[in-house]
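Letters A, B, ... mirror the listed sequences (proteins, then strands); counts begin at 1.
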Amino acid sequence: MRESIDVLACDVAVIGGGPAGLTAAAALRNAGVSSVVVFEREEQAGGIPRHSDHTGYGIRDRRAVMTGPAYARALVAEAHDSGVDVRTGAMVTGWAEDGAPVVTSREGRYRVDAGAIVLATGARERPRAARMIPGDRPAGVYTTGQLQGLVHLQHRNVGTRAVVVGSELVSWSAVLTLREAGCSTVLMATQADRVETPAGLALVGRTAFGFPVARRARVARIIGRDRVEAIELAHLDTGARTRVACDTVILTGDWVPDNELSRLRGLDLGAGHRGPLVDMALRTSAPGVFAAGNLLHPVDTADVAALDGRHVATEVRRWLAGDSDRRPAVRIVTEEPFAWVAPGLLRPGDPPPSRGRLLLWGTEHRALPRVVVEQDGTVLARRRIPWPLAPGRIFRLPYGMVAAARADAGDVTIRLA
Amino acid sequence: MIADVDIVVIGAGVVGCAVARHLAGFDVSIALIEARCDIGDATSKANTAILHTGFDAVPGSLEASMVARGYALLSGYADAVGIPVERTGAVLVAWTDDELAVLPSLRDKAVKNGYHACEVIDAGAVRVMLPHLGPGVVGGLTVPGESIICPWTTPLAFATEAVERGVQLMLGTRVLDVMPGPGSTTVVSDRGDIRTRWIVNAAGLGGDVIDRMLGHDRFTIVPRRGELLVYDKLARPLVDVIVLPVPTDKGKGVLISPTIFGNVMLGPTSESLVDRADTSTSEEGFAFLLAKGSALLPALMDEDVTAAYAGLRAATEHIDYVVDVDPGQRYLLLGGIRSTGLTASMALAEHAATLLSESGLDLVPRTDLPPPPRMPNIGESFPRPYSREDLITADPEYGSIVCFCERVTRGEIRDALASAIPPSDLDGLRRRTRATLGRCQGFYCGAEVSGMLGVVDA
C-alpha cells in the first residue's frame with residue numbers, strides 16, 4: 001500500500017451495509033458514538049432484502065411485517081436518521097499492513113483508521129462450480145441471488161420452465177420470483193428426504209404451485225449447448241437417472257459466509273463453516289475487530305442478522321471506552337447431524353448471546369430433538385427441544401444449556417442424545 | 001463479395017491472430033476469418049495458460065523449435081504490450097522411484113532442446129519450494145523458466161494489433177468451401193465469397209476439414225478434451241510454482257498451477273473425443289481430478305472450486321505440428337497445433353512468413369506501422385485499476401467496482417465495450433475484464449454486468 005494514500009478517520013468502521021451492518025451502525029450512533037461509517041460495495045445499501053420482493057421481513061427486530069425492499073429502505077432510513085455515514089459503491093478490498101481497511105470508491109482509494117471494526121459481510125449461495133455440477137455450460141443456470149437481481153433490479157426475463165434445486169426457505173423465494181417473471185417451476189429437486197414448507201406458504205398449499213418435488217435427488221448433469229435444455233437427476237439411494245426438460249436451473253441455498261476479508265485479515269475461523277470464530281459478545285480473534293450477521297450463521301433470517309447488529313454494539317462501545325479485557329474462553333463444538341454452531345466461543349462470565357440463543361445448522365430432520373451438552377464427559381444439560389431440527393434451516397438452542405461451562409476445561413460439545 | 005485480398009487467414013485463434021498480425025507488418029492486404037463470434041473463442045480460450053520453455057518437447061521436432069523461439073518472442077511482446085506474465089518456474093515432482101529414475105533423462109532431453117537450466121533436486125528441496133504438497137514426494141526436476149501467461153490477452157493483443165495494422169477481421173463468418181484457381185482462390189463463406197491470392201489455414205479443430213476442401217488428406221483432428229478445476233483465490237498461498245507431473249509410460253498425470261488471475265488450477269484430464277464441440281465437464285473427470293488433487297495438495301480440497309471447464313486440444317495422428325506449404329495452390333497449412341500453440345504462436349507466425357516468402361509471396365516490410373497496442377492489465381500480480389489512486393482520481397469510473405470477487409470496475413467494462421474488438425457476449429466480456437469470473441459466479445454482479453452488456457443471458 002502506498003504511503004500517500006488518503007486516510008478517513010472514524011470511531012467505528014462497519015463493513016457491509018445489510019441488515020446487520022446498518023443496525024449495528026445505527027445502534028452505535030444512537031448510543032452516542034460520534035462517527036460511524038458503513039462501507040457498502042453495492043450502489044445501494046440494504047443488502048439481500050433489497051431484491052427479495054416478498055413479505056415476511058422485520059418481524060423480530062421491528063415488530064412489523066414488511067416486504068424485503070421496504071425493510072431495506074427502513075434500515076437505511078434509520079441509519080441516516082441516526083447520523084451514520086453510509087457510503088455506497090465503497091468496497092473494502094483488503095487490509096493495509098497495520099490492519100486498516102483499504103477502500104476503493106468513485107471518490108478515490110483510501111484507508112480507514114477506525115477505533116473498532118465490525119465485519120458484516122453476509123453470506124452468499126454456492127454457485128454451480130463450487131457445487132461441482134458437471135455437464136454442458138449453457139446460459140440459464142442461476143443462483144437465487146442472481147435470479148432476483150435479474151428479475152427485480154434489472155427487470156429482465158428468465159426462461160419459461162425452471163427446475164429449482166434445494167428446499168430451503170430461499171428455494172420458495174426463488175419459486176415466487178420465477179412466478180413473477182412468468183417462468184413456471186416444473187420441478188423442485190432436493191437431496192433432503194422431506195421438504196419444509198414455510199409457514200406463509202402453507203396457507204397457499206404446496207399443490208397450488210402445481211409442481212412435483214423430487215426428494216433425495218441430486219443434479220448429476222446439466223444438458224444444453226447454448227441454453228439449458230434439460231438436467232439429469234440422480235437418485236441418491238437407487239442411483240436411477242432421470243432426464244428433466246427445462247430451460248432454467250435455479251441453484252438455491254447452500255450458503256457460505258462471504259469470508260474473504262475475514263480470511264485475508266487472518267481471523268480464526270469457525271469449524272463447519274468458515275465464518276470468523278466469535279464469542280458471545282461477537283468479538284473475533286483480532287482485538288477491536290467484531291463480526292455480526294449472516295457472516296457468522298449462514299443463513300438466518302434478516303431480522304436475526306439485524307439483532308446481531310444491535311447486540312454487537314454493546315461490546316464495541318465497551319472496547320471504545322478502553323475495556324479490552326477478555327475472560328478465558330472455551331470452544332463450543334458440534335457432533336453430527338449438527339454442522340456448526342455460532343457463536344463458537346464461550347467466555348464464562350460474559351453476558352449471553354443475542355436473543356439468548358446459540359444458532360446451529362442441522363443436516364437431518366428430527367421432530368423434537370433431544371439435545372445433550374457435555375464438557376470433558378460431564379453432561380452440562382440434556383433437554384428435549386420443543387421445535388424441530390431440519391436441514392436448510394437454523395436451529396436455535398437456549399444459551400442456558402451451555403452457560404454452566406467452565407473456562408478451565410475442554411471443549412463444550414453439543415450433540416443429539 | 002468482399003474486396004479481393006492478398007491473404008486470407010482462416011481461424012482467429014491464438015495462431016491465426018499471431019499470423020495475421022505478423023503478415024500485416026508487410027505490404028499485403030489480409031482478411032482474418034473466424035466462424036465464431038469472437039477471437040480466441042475455441043481451443044485458445046481453455047488451455048493451461050503456461051508459457052513453455054519447451055524443455056520436454058521432442059528434440060528436433062518443429063514443435064520444439066517453435067516453442068523455444070516462441071517463448072523468447074512472446075516474452076518480449078508481452079512486456080511491450082502488457083500481456084500479464086508471471087515468472088513462477090515449475091517443478092516436476094516425482095512420487096515414485098520409477099518417476100525419480102526418469103528425471104535425469106528429462107534433464108538431458110531439455111539440454112537437447114537447448115534448455116540448460118533444469119536441475120534434479122531431492123525431496124527436501126521440493127518441500128522447501130512447495131511446503132503444502134501431500135506426503136510421498138521423492139524428488140523433483142526444476143524448470144525455472146516455465147511461466148504463466150494470460151491466455152486471453154495474448155490472442156486479443158495479436159488481433160487488436162492486426163486490426164490496427166489494417167487486417168479485416170471477419171467474425172461470425174464460416175468457411176463453407178475453398179476453391180483454388182490458377183491466379184486466385186475463392187473462399188466461399190456463409191457471409192459471401194472472398195477472392196484471395198493466398199490461403200493460410202489456422203483453423204484449429206477444423207483444420208483438417210479446411211485442408212480437405214483443398215483436396216488434401218494428410219491428417220485428422222481427434223479432439224482431446226481436458227477438464228480443469230480452478231480453485232478459489234484464497235488457495236493461492238498454497239502454491240507459488242507450477243507443479244508438473246513426471247511423464248511415464250503410465251500416462252501424463254495432472255498439473256497444479258497458480259493462474260495469472262490469482263487462482264489455483266488443477267488438471268487437465270485427457271480424453272479423446274469424436275464431437276468437436278463437446279466442452280462439457282463430467283462426473284468421471286471431476287472424480288479423477290479430486291483424487292489426484294487430494295494426493296498432490298491436500299489443503300486445496302478445503303477450498304471451493306471457482307470454475308470448472310473443459311478445453312479441446314487439436315490433437316492429430318502425428319506427433320509433431322502439421323505445417324506445410326503448397327506453392328501451386330498458394331496454400332499454407334498450420335495444423336495440429338496443440339496446447340503448446342499459445343507459446344509457439346509468434347514463432348509460427350514468423351515461420352509462416354518465411355514459408356510464404358520462399359513460395360513466391362513478395363513480402364515487403366511496411367514502414368508506416370502504427371505503434372503496438374497497450375492492453376488493459378487483467379493479471380493479478382500487476383496493479384489493476386481498482387487499486388490505482390491515480391487512475392481513479394483521473395476517471396472515477398475506475399473506482400466503481402462492479403464485480404466484487406474479481407475487483408472489476410465500471411471503467412474497465414466500458415473500455416472493453418468501446419475497444420477495437422469489443423466482446424459480443426458475456427463470455428467475451430469475461431475474457432477481456434474477468435467480470436463474473438470469481439467465486440460468486442455472478443451472485444452479486446451477474447445481473448448488472450449483463451445489463452451493461454445489453455444482453456439477457458448470463
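Looking only at distances, a side-chain donor or acceptor of A/Asp136 sits under 3.5 Å from a matching main-chain atom of A/Gly224.
Ionic pairing of A/Glu43 and A/Arg87 is not present here: no N-O contact between side-chain nitrogen and carboxylate oxygen is shorter than 4.0 angstrom. Remark: B/Lys45 does not engage B/Asp38 in a salt bridge, criterion side-chain N to carboxylate O under 4.0 Å. Classification of A/Glu97 and A/Arg265 as a salt-bridged pair fails, no side-chain N sitting under 4.0 Å from a carboxylate O. Salt-bridge check for A/Arg225 with B/Asp275: passed, with a basic side-chain N closer than 4.0 Å to an acidic carboxylate O.
Only the side chain of A/Arg137 has a heavy atom closer than 4.5 Å to any heavy atom of chain B. Looking at B/Asp395, neither its backbone nor its side chain comes within 4.5 Å of chain A, counting heavy atoms on both sides. With a 4.5 Å cut-off on non-hydrogen atoms, A/Ala220 touches chain B through its backbone and its side chain both. In this structure, chain A has heavy atoms under 4.5 Å from both the backbone and the side chain of B/Asp278. At a 4.5 Å heavy-atom cutoff, the contact between B/Tyr309 and chain A is made by backbone and side-chain atoms alike. In this structure, chain B has no heavy atom under 4.5 Å from any part of A/Arg221. The parts of B/Arg439 that come within reach of chain A are both its backbone and its side chain, each placing non-hydrogen atoms under 4.5 angstrom from that chain. Of the two parts of A/Met91, only the side chain, counted from C-beta on, holds a non-hydrogen atom closer than 4.5 Å to a non-hydrogen atom of chain B. Both the backbone and the side chain of A/Thr93 come within less than 4.5 Å of a heavy atom in chain B. Residue contact with chain B, scored on non-hydrogen atoms closer than 4.5 Å, involves the side chain of A/Ile48 exclusively.
Per-residue heavy-atom pair counts under 4.5 Å with chain B were compared for A/Gly89, A/Gly149, A/Gly94, A/Ala130, and the maximum is reached by A/Ala130. Interface summary for chain B: among A/Arg126, A/Glu260, A/Arg274, the most heavy-atom pairs under 4.5 angstrom belong to A/Glu260. Interface remark: of the candidates B/Thr279, B/Val230, B/Leu391, B/Asp232, B/Thr279 forms the most heavy-atom pairs closer than 4.5 Å to chain A. In terms of heavy-atom pairs under 4.5 Å with chain A, the best-connected choice from B/Gly285, B/Gly411, B/Pro237, B/Ala277 is B/Ala277. Contact count against chain B (heavy-atom pairs under 4.5 Å) is highest for A/Gly135 among A/Gly108, A/Pro127, A/Ala90, A/Gly135. For the options A/Leu147, A/Ile222, A/Val103, A/Asp258, heavy-atom pairs under 4.5 Å to chain B are most numerous at A/Asp258. For the options B/Gln441, B/Glu303, B/Arg407, B/Glu227, heavy-atom pairs under 4.5 Å to chain A are most numerous at B/Arg407. Ranked by heavy-atom pairs under 4.5 Å with chain B, the first of A/Thr144, A/Ile223, A/Thr143 is A/Thr143.
For the residue pair A/Thr104/A/Arg109, the side-chain donor-acceptor check at 3.5 Å is satisfied. Side-chain contact check for A/Thr121 and A/Asn259: no donor-acceptor pair (N or O, by modelled atom type) lies under 3.5 Å. A/Thr177 and A/Gln148 share a donor-acceptor pair across their side chains, judged by distance under 3.5 Å alone.
None of B/Thr393, B/Thr409, B/Asp415, B/Asp390 except one satisfies the side chain to side chain donor-acceptor pair (under 3.5 Å) rule with B/Tyr398; the exception is B/Asp415.
Ring orientation note: the planes of A/Trp361 and A/Trp340 are close to parallel, at an angle under 30° on the 30°/60° scale.
The environment of A/Arg243 atom CZ is sparse: at most 12 non-hydrogen atoms of other residues, nucleotides or ligands sit within 6.0 angstrom.
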